[in-house]
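Input: a single structure, listed below in C-alpha cells.
Values below: all heavy atoms of this structure, side chains included; hydrogens, waters and symmetry mates excluded. This one's a predicted model, so the numbers in the text were calculated from it and none came from an experiment.
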Amino acid sequence: MIDKEKIRQGVALLLEGIGEDIGREGLQGTPDRIARMYEEIFAGLDQNPQEALSKTFEAKQCGIVLEKDILFYSVCEHHLLPFFGKAHLAYIPDGRVVGLSKLARTVEVYARRPQIQEQLSTQIADALMECLKPKGVMVMLEAEHMCMTMRGVKKSGAQTVTLATRGVFADNRCFQEEFWQMMRR
C-alpha cells in the first residue's frame, strides 16, 4: 500500500536537498502531485496479475496466439527513471485461451512496479505459464531507458531487447522461428 504522506515528506526533502525552496510558488504543490502520481504509476504493487488471467475459455484447436506492440511504461528500480517500449507476447494454448485484453493487463500490472526490464520479461512469461498452462510462452520487450538517455552515456534512442521463452518455445526452434515470422508481418 502506497504511503502518500511518506512520499510527500521524501519529495520535500529531495527538493531541499538539491537546493530548492519548497515554498516557491511553482513547487508548493509538487510533493502532493508526486504522491498522487506515484500512486498511479506504481499501482501494480497492489494488483495481482493472476486475477486478469484467471478467466479462460475453451479452444480445442489453436496455434500460436501473438499479441504484439503492447505499449508499456515502467520505472527502473536502480535510478527511479522511466523506461518504456513495446511488449510482444505469444503463447500456444493447451485447450484454453484468455481474453486478449488480459494479456495487455498482465503487462500493465508488472510494468507498474519499480523494476528492471529483464525481470519484467520473466515475470510476464512465468505468470502466463502458471495461469494459462499453455504448451509454451515467448515474451519479448523492446524499451528505451531514460537512465541511458538523460544521464550516464546519454544515448537517446538506444533500445534494450529482452526475451523470455518457456515450454515449447524454449525447446523448439521451429516455434521460435514462427514467432519471428509473425512479428515481421
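By the neighbour-count criterion of 12 heavy atoms within 6.0 Å, atom CZ of R24 is densely surrounded, having more than that number from other residues, nucleotides or ligands. Other residues, nucleotides and ligands contribute more than 12 heavy atoms inside 6.0 Å of the CE atom of M37. Within a 6.0 Å radius of CZ in R8, other residues, nucleotides and ligands contribute more than 12 heavy atoms.
Ion pairing of E177 with R184 is present here, as a side-chain N (NZ or NE/NH1/NH2) and a carboxylate O approach within less than 4.0 Å. Salt bridge present: E108 and R112 bring a charged side-chain N and a carboxylate O closer than 4.0 Å.
When every heavy atom of E67 is checked against every heavy atom of L100, the shortest pair comes out as OE1-O, 2.8 Å. Of all heavy-atom pairs spanning V139 and V137, the tightest one is CG2-CG1, 3.8 Å. Contact detail for K133 and D94: the closest heavy-atom pair is O-CB, 3.6 Å. The minimum heavy-atom distance between V11 and P31, with the atom names listed, is CG1-CA, 3.8 Å. A52 and V98 get closest at one heavy-atom pair: O-CG2, 4.1 Å. Nearest approach of H88 to F179, heavy atoms of both residues: CB-CZ, 4.3 Å.
Side-chain polar atoms of Q117 and T160 form no donor-acceptor pair below 3.5 angstrom. Using modelled atom types, one finds no donor on one side chain facing an acceptor on the other under 3.5 Å when comparing Q119 with E77.
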Pair D21, L27 - check side chain to side chain contact (heavy atoms under 4.5 Å, CB included), show working.
CA-CA 8 Å; D21 172 10; L27 293 176; 5.9 Å; no
| task | Step by step, work out the side chain to side chain contact (heavy atoms under 4.5 Å, CB included) result for T165 and F175. | result | CA-CA 11 Å; T165 57; F175 286 117; over 6 Å; no
Working for side chain to side chain contact (heavy atoms under 4.5 Å, CB included), residues Y91 and V97: CA-CA 9 Å; Y91 74 103; V97 295; 3.5 Å; yes
Check your understanding: K4 and E39: side chain to side chain contact (heavy atoms under 4.5 Å, CB included), yes or no, with the steps?
Key -> CA-CA 8 Å; K4 290 200 291 192; E39 188 174 44; 3.3 Å; yes
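The closest side-chain heavy-atom distance from E130 to L53 is not below 4.5 Å.
Here the side chain of K135 pairs no donor or acceptor atom with the backbone of V168 at under 3.5 angstrom.
Put simply, the residue from H145, M146, E142 that forms a side-chain contact (heavy atoms from CB on, under 4.5 Å) with F84 is M146.
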